[in-house]
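Every chain is numbered from 1, with letters handed out A, B, ... down the list of sequences.
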Amino acid sequence: MGLMVLSIWCISAFSNTDGSAPQVSPTNKEISNPSVMGCLLSLHYDHGDSYFYNHSGLSDPEFNDVLNLDILSGDSCDGIIYDIEMFGLSSLTRYLIGEGSHRQLFTSMLFDNQPETAKFHEHSCVGILIERLPAGVFADHFQLQHLVDHNVFLGAYVHGDRNLELPSALSNGSIVEVHTNIRSDADKLVVRLPLHARYPPIDSSGYANITIGRPDVFMRCRQKGSKGGYFSWFFIDMGSFSKSIVTWRIPSGYEAHAWVVTTVTFLSALVCSVLIILSSLYFM
Amino acid sequence: MDLGRMLCFSVILRLLLLLYGEWQDSHMEVRYTDVDYLVFSDAAALVSAARSPFERSTYRYSPILAFLLVPNSIVHRSWGKLLFSAADLFVGVFIYRILKERCVPEKSRLWCVAAWLFNPFTFTIGTRGNCEPIVCAVVLWIIICLMNGKVFQAAFWYGLVVHFRIYPIIYALPFVIVLNTKNVGTSRKPILSQWAPLQNIPRERSSSKVSRASLLSHNISCAWVSLRTIITKDAVFFGFFSGSVFFTWTALFFHLYGWDFLNEALLYHLTRTDPRHNFSIYFYHIYLRHQQGFSVLEKLASFLPQLMVQLCLVLRFARDLPFCLLLQTVAFVSFNKVITAQYFVWFFCLLPLVLPWSRMKIKWKGLLCISIWMGSQVHWLMWAYLLEFKENV
């Protein structure tokens, strides 16, 4: 069987600045059908690391090239699933849960074909959500591992800038990959990804807006009872869900305050240290 | 109540907290265990697999800590918490011993030990898995060694603890000064001021006729004498041997783990600036300027108050070692560019050593001081909470 290569991913998640309200993203009723990628033995997509080995930052066109060349080229195999319409999605809902710098990115994807009317339940599937996070936010890979240990996710991986401490101005983007089990009777795939805001660059408005684009979704399935280590992989194009971008508003320092804060800080330190020295010298 | 009963009660309290911590960790989303403890445990697991502890990101401690916690992956994950809590209890015992050697009456000693053992801040630190009680215990043990003229042992532990946690480097000068000839009697024991009942302490401030100018010149001349007589046989030996211990451990781990060790465990702490919200007065200045970097002048300006205050306190108070160490630590933490709550333990362990000499009554001046200290922290933390969890600043 020939090679099946997808050349989707044309819409850049990061270049789209159509910001939605931070809490609610509308649901689009268009249907997104999956595309067969092929068969892969690997259970884990780990090309994020190889990408960041060669690139210092997260650039969508370059990352798409890596995906096209390295991932979307699986050969066929025995047992490959061709009846793929059952894995189509009818809606994508995205919003942030919580307040402050520590929130959850909620993603809910509704399957178009209900399990009772299709052969969905005859397959065991794993959903793989790939989030491309800009420099302003990050996922804590230790926290994700904790969730994996508590069976919230099947697996979770962070590629790229995994530093948990640096501010936004000194950071790069990252790619988060979350594997989650899809129950046979499930009608939707839901992922709550814990995210943390980095301290944003100072700004004259006092706020920074971080935009998180739509995710990339893969499904890895095989028929129940089938033998062998191969899985059919599908890529589900999210391009049709145009209003799935989430914006996170984070308070930042005012540029105009910098010199006042610096002056007051150093004067306080100097005055306090002189007072300590004088009281020490006059101490009986 | 005697010391034995107090310690038994403290052991039970800590064991109960350890059990509660286990329950909270497995049943609640927010862990009781300190996030650093997970870092230590991961590093210990790496060490037990013959790998570098610095493969674990954010592990910024001596590899000794990872080795101490190897039983975490072999015996039980709470091994480290037991170890830290044991060190916490040792701190209580050492406080008792130091005060006893300074002839403080039994009742006052027990109150001072209780001020450490039953301080909610300190007993949660150990049971949550923070390693600071180990450092506190070693610092107090060094004081005991110096009080008993065991210079060799004091130097060994001092070299080790500076390798382990760096910040006790600020105690180098007072340790050396206290070893000078003026302070060492025929028994080779440094003369530390003995306790006297409060009513016997002369009220110098009120009765003294000396002018402020003569007091100032007297204090400066005392400091000069301290500095001039600093070089003694014991002091040179202390400096040389503790330095050798420090460099031996450092060289050993540099040989084993290379620049990862030097960068993460040593150099990181010397150059650390944290733009995120913390207790330091410098944090907001650092955040507002972090994009453009810091000039040499700015770095010097933030280091100068720290240096001036440390030098002044050491030269003025080194002869009363525990008091000097307490003042130095409080000042060091206050002027540091990064302050987290765990740093407060550094001076909490020294506070009971000076309490018997304080004229302050807990009712009401003491309570007022505690309230002001806690109130200022709550105020600071309230803004941190609004920023981190509400974005409502």
Side-chain angles (χ1 to χ4, degrees), chain A residues 22 98-103 140-143 145-147 150 162-170 194 196-202 206-207 248-266 268-284, chain B residues 26 29 31 35 38-39 42 56-58 202-206 208 210 212 215-220 223 274-277 280-292 298 301-302 304-309 311-313 315-317 327 331 334-335 385-393:
Chain A
E99 294 178 284
S101 303
H102 312 282
R103 301 189 185 188
D140 178 349
H141 53 290
F142 298 110
Q143 185 184 17
Q145 193 53 49
H146 180 70
L147 294 174
H150 284 73
R162 308 205 307 177
N163 192 299
L164 313 176
E165 298 164 324
L166 286 177
S168 188
L170 307 176
H196 309 275
R198 296 185 188 278
Y199 272 38
I202 54 172
Y207 284 92
W248 189 337
R249 193 164 176 251
I250 302 167
S252 70
Y254 286 99
E255 205 167 355
H257 291 177
W259 73 272
V260 181
V261 171
T262 299
T263 309
V264 171
T265 302
F266 282 105
S268 315
L270 191 68
V271 168
C272 290
S273 56
V274 169
L275 281 176
I276 291 171
I277 290 167
L278 288 178
S279 47
S280 299
L281 292 175
Y282 286 110
F283 181 81
M284 302 289 284
Chain B
S26 53
E29 195 176 341
R31 291 194 189 97
V35 70
L38 306 176
V39 177
D42 289 347
R56 173 51 160 99
S57 60
T58 72
R203 297 273 175 173
E204 293 173 25
R205 191 178 296 275
S206 54
S208 175
V210 290
R212 286 185 177 274
L215 181 63
L216 179 65
S217 69
H218 169 75
N219 286 337
I220 290 173
D274 195 343
R276 293 175 304 166
H277 193 278
S280 171
I281 57 165
Y282 293 107
F283 105 88
Y284 197 42
H285 152 73
I286 290 171
Y287 167 62
L288 290 176
R289 311 279 291 206
H290 75 277
Q291 285 167 263
Q292 61 200 71
E298 279 177 309
S302 58
L304 198 64
Q306 179 74 280
L307 185 71
M308 289 192 314
V309 169
L311 272 176
C312 173
L313 293 175
L315 296 177
R316 180 67 189 88
F317 299 108
L327 292 184
S334 305
F335 286 101
Y385 172 77
L386 290 175
L387 177 67
E388 287 280 316
F389 296 99
K390 294 289 177 191
E391 276 177 20
N392 190 21
V393 182

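Among B:His277, B:Arg276, B:Glu298, B:Met308, the residue making the largest number of heavy-atom pairs under 4.5 Å with chain A is B:Arg276.
Residues satisfying the salt bridge (charged side-chain N to carboxylate O under 4.0 Å, His left out) test with A:Glu255, not counting sequence neighbours, are none. With sequence neighbours left out, the ring pair (Phe, Tyr, Trp, His ring centres under 6.0 Å) criterion links B:Phe335 to no other residue.
With a 4.5 angstrom heavy-atom cutoff, A:Phe142 touches chain B only via side-chain atoms. In this structure, chain A has no heavy atom under 4.5 Å from any part of B:Ser334. For A:His141, the part lying near chain B is the side chain, with the backbone staying farther off; criterion is any non-hydrogen pair under 4.5 Å. Residue A:Ser268 does not touch chain B at all, counting heavy-atom pairs closer than 4.5 Å. Both the backbone and the side chain of A:Pro200 come within contact range of chain B, each with at least one heavy atom under 4.5 Å from a heavy atom of that chain. Contacts between B:Leu313 and chain A at a heavy-atom distance below 4.5 Å involve the side chain alone, from C-beta outward.
Classified by interplanar angle (parallel below 30°, tilted 30° to 60°, perpendicular above 60°), the ring pair B:Phe389/A:His102 is tilted. Ring geometry, B:His290 versus B:Tyr287: the interplanar angle falls under 30°, so the pair is classed parallel (tilted spans 30 to 60°).
For the residue pair B:Arg31/A:His146, the side-chain donor-acceptor check at 3.5 Å is satisfied.
Between A:Phe266 and B:His285, a ring centre-to-centre spacing shorter than 6.0 Å is recorded.
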